[in-house]
There are 2 protein chains.
Amino acid sequence: MPFRIKIPRSTIDRLPLYYRCLNIIEEHGIEEISSQVLGVRVGIDPSVIRKDLAWFGELGKRGVGYNVIYLKNAIGRILGLDKDWPFILVGAGKLGTALAEHNQKYGRHFHLVGIFDRDPDKVGRRVGECQVSPVEDMAAFIQTGDIKIAMLAVPAEEAQKVAHELVKCGIKGILSYAPITLSVPEDVVVYNADYNLDLQRLAYYLTNTSQFSWGE
Amino acid sequence: MPFRIKIPRSTIDRLPLYYRCLNIIEEHGIEEISSQVLGVRVGIDPSVIRKDLAWFGELGKRGVGYNVIYLKNAIGRILGLDKDWPFILVGAGKLGTALAEHNQKYGRHFHLVGIFDRDPDKVGRRVGECQVSPVEDMAAFIQTGDIKIAMLAVPAEEAQKVAHELVKCGIKGILSYAPITLSVPEDVVVYNADYNLDLQRLAYYLTNTSQFSWGE
DNA sequence: CACTGTGAACGCCTTCACAGCG
DNA sequence: CGCTGTGAAGGCGTTCACAGTG
């Protein structure tokens, strides 16, 4: 159910924050929540929340607030979390390995189904619930499995080449831990998870000590 | 050298992208670069780059472009990378451990100087170049070392409590891998590195296949 | 002549205030 | 009466076009 109108990117970026928060609120057994209270929890202005949600219809009840479970599910559907997203990991180094094992705990809607590495020493190793496969098998795997998402945790030098190959195989979304800007076609989405970027942004705010600012 | 005027957050968010790119360009031995060419490399519109840089003075030469090394250093200074940033890691689980070991390779301006964990089994273990210390030692360590940055890689349940403690000890910037929204005072900056957020945002764009969008 | 620096126009997100409903 | 949904106002970053300069 793609949406006709163009939703602001900033809205989309916030939806996962709401979603994450609603999960916790649900666990607390709370059934209704106002944009006010939710706002405090996620650190976002209530009117922003209402505007964000309004893009997708009337999700709340006037005079009452939002039903926690209903809203959570609605946002889930909007984000596309009503289906399962298989994804692969390229690069089974230290970071890649950790990501793979870490994933077990959290990913409810995202399932790591394959790990690939160039290094023959790593191939065959068991990492989390997968076994590392040689990159040569990657293309076929992506295509037969209809995989759309890839995590990229290879060294800078290889990242662009790998990204290019991923795209060629049909990958449409890349979460990249590589410390370079990837060049990809317009219909492919890249998110940058290189944490040095965030550290540097932190450094800026700590250096220029105004009373900024707030996360995400 | 804090800046008087309020620089747009979006500008600050892009500076590390420029910086990262300029490092690579420098390695290629290129000496001058135009906003045009840099724009292609970082995937950002040239006029945005010029506007961003203009906040900090006249960094380029009209008719010529930007001197790569000079610009790199200028951005480095702006971000506060002319000094070293020691930081600590809290949480020596799978992810924390990987981050610690990964850090060796990249961090030029950020140095991991301490790792803390509650679990006695993990305390004493060697991770990267540090040894895991008990959380009880954390407060003293932060204060005597005048540490300002912390990476947070503890389970969701503990994250808020730990964050609170970090702030109390004088931490001003947190890079959080915990899957919750941290509540911190206004003068503390939090960046969210929980990759489930990014995966969900990816899922949105893949579900609502317009010809969006672009990374970072 | 090439490319930066910049004021002005534009467009978009956020803020605000209140109308609409339960 | 409380809180959402929403049009209108405002603020802010981006885009544009060109003046400025080596």
Side-chain angles (χ1 to χ4, degrees), chain A residues 3-15 17-18 22 25 30-72 74-75 78 201 204 210 212-214 216, chain B residues 3-15 17-18 22 25 30-72 74-75 78 201 204 210 212-214 216:
Chain A
F3 302 101
R4 315 123 196 92
I5 315 159
K6 203 224 165 199
I7 316 285
R9 187 197 180 88
S10 41
T11 292
I12 303 308
D13 281 351
R14 282 186 295 262
L15 290 181
L17 297 175
Y18 305 152
L22 287 166
I25 292 166
I30 298 166
E31 291 185 357
E32 301 281 341
I33 195 163
S34 65
S35 60
Q36 174 78 244
V37 176
L38 181 59
V40 173
R41 292 246 188 174
V42 295
I44 291 172
D45 189 273
S47 60
V48 171
I49 297 178
R50 293 205 300 278
K51 257 279 152 62
D52 282 344
L53 299 180
W55 286 102
F56 307 101
E58 306 215 351
L59 269 32
K61 286 195 201 73
R62 304 188 188 211
V64 183
Y66 299 91
N67 178 287
V68 173
I69 294 178
Y70 178 79
L71 182 58
K72 193 200 86 170
I75 294 178
I78 293 163
R201 303 196 258 247
Y204 173 85
S210 342
F212 281 122
S213 182
W214 210 344
E216 169 49 342
Chain B
F3 302 100
R4 314 120 197 95
I5 317 160
K6 204 225 163 197
I7 316 285
R9 188 197 179 85
S10 42
T11 293
I12 304 307
D13 281 352
R14 284 187 293 263
L15 290 181
L17 297 174
Y18 305 153
L22 287 166
I25 292 165
I30 297 165
E31 292 184 359
E32 301 281 341
I33 194 162
S34 65
S35 59
Q36 173 78 245
V37 175
L38 181 58
V40 173
R41 291 245 189 174
V42 294
I44 291 171
D45 188 274
S47 61
V48 170
I49 296 178
R50 292 204 301 278
K51 258 276 154 60
D52 283 343
L53 298 179
W55 287 101
F56 307 101
E58 306 214 351
L59 269 32
K61 287 195 201 73
R62 304 187 190 213
V64 183
Y66 299 90
N67 178 287
V68 173
I69 294 178
Y70 178 80
L71 182 58
K72 192 199 87 170
I75 294 178
I78 293 163
R201 302 195 257 249
Y204 173 85
S210 341
F212 282 121
S213 179
W214 209 345
E216 171 52 337

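Sequence lines set the chain letters: A, B, ... in the order given, protein chains first and strands last, and positions in each chain run from 1.
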_Heavy atoms from C-beta onward define the side chain here; which of dC18(C), dG5(C), dC3(C) lies closest to that of Arg50(B)?_
dG5(C)

*Expressed in angstrom and rounded to an integer, what is the separation of Glu32(A) atom CD from dG22(C) atom C1'?*
11 Å

*Should Tyr204(A) and Thr11(B) count as side-chain neighbours, where that means a heavy-atom distance under 4.5 Å?*
no

*Got Ile49(A) and Val42(A) here, is their nearest side-chain heavy-atom distance under 4.5 Å?*
yes

*Between Trp55(B) and Ile12(B), is any pair of side-chain heavy atoms under 4.5 Å apart?*
no

*Distance in angstrom units between Asp45(A) CG and dC16(C) P, rounded*: 7 Å

*asked:* I want to check something: taking the side chain as every heavy atom from C-beta on, are Glu32(B) and Asn67(B) in contact at a cut-off of under 4.5 Å?
replied: yes

*asked:* With nearest nucleotide decided by heavy atoms, which residue, Val48(A) or Lys51(B), maps closer to the 5′ end of DNA chain C?
replied: Lys51(B)

*Close side-chain approach of Tyr18(A) to Ile44(A), heavy-atom, < 4.5 Å*: yes

*asked:* I'd like the 5' and 3' limits of the part of DNA chain D contacted by chain B, with heavy-atom contacts below 4.0 Å.
replied: dG13(D) to dG22(D)

*If we only count heavy atoms from C-beta on, is the Leu53(B) to Ile75(B) side-chain gap below 4.5 Å?*
yes

*Taking for each residue the nucleotide of DNA chain C with the nearest heavy atom, is it Glu58(B) or Asp52(A) whose nucleotide lies nearer the 5' end?*
Glu58(B)

*Check every strand shown and say whether Ser35(A) touches a base, only sugar-phosphate, or nothing at a heavy-atom separation below 4.0 Å.*
sugar-phosphate

*Can you run down the salt bridge (charged side-chain N to carboxylate O under 4.0 Å, His left out) pairs that involve residues 39-56 of chain A, sequence neighbours left out, and say none if there aren't any?*
Arg14(A)-Asp52(A)

*asked:* Heavy atoms only, 4.0 Å cut-off, all strands: where does Leu59(B) land among base, sugar-phosphate and nothing?
replied: sugar-phosphate

_Sub-4.0 Å heavy-atom contacts from residues 61-71 of chain A onto DNA chain D, ordered by number_ = Lys61(A), Arg62(A), Gly63(A), Val64(A), Gly65(A), Tyr66(A)

*CD1 (Ile30(A)) with more than 12 external heavy atoms under 6.0 Å*: yes

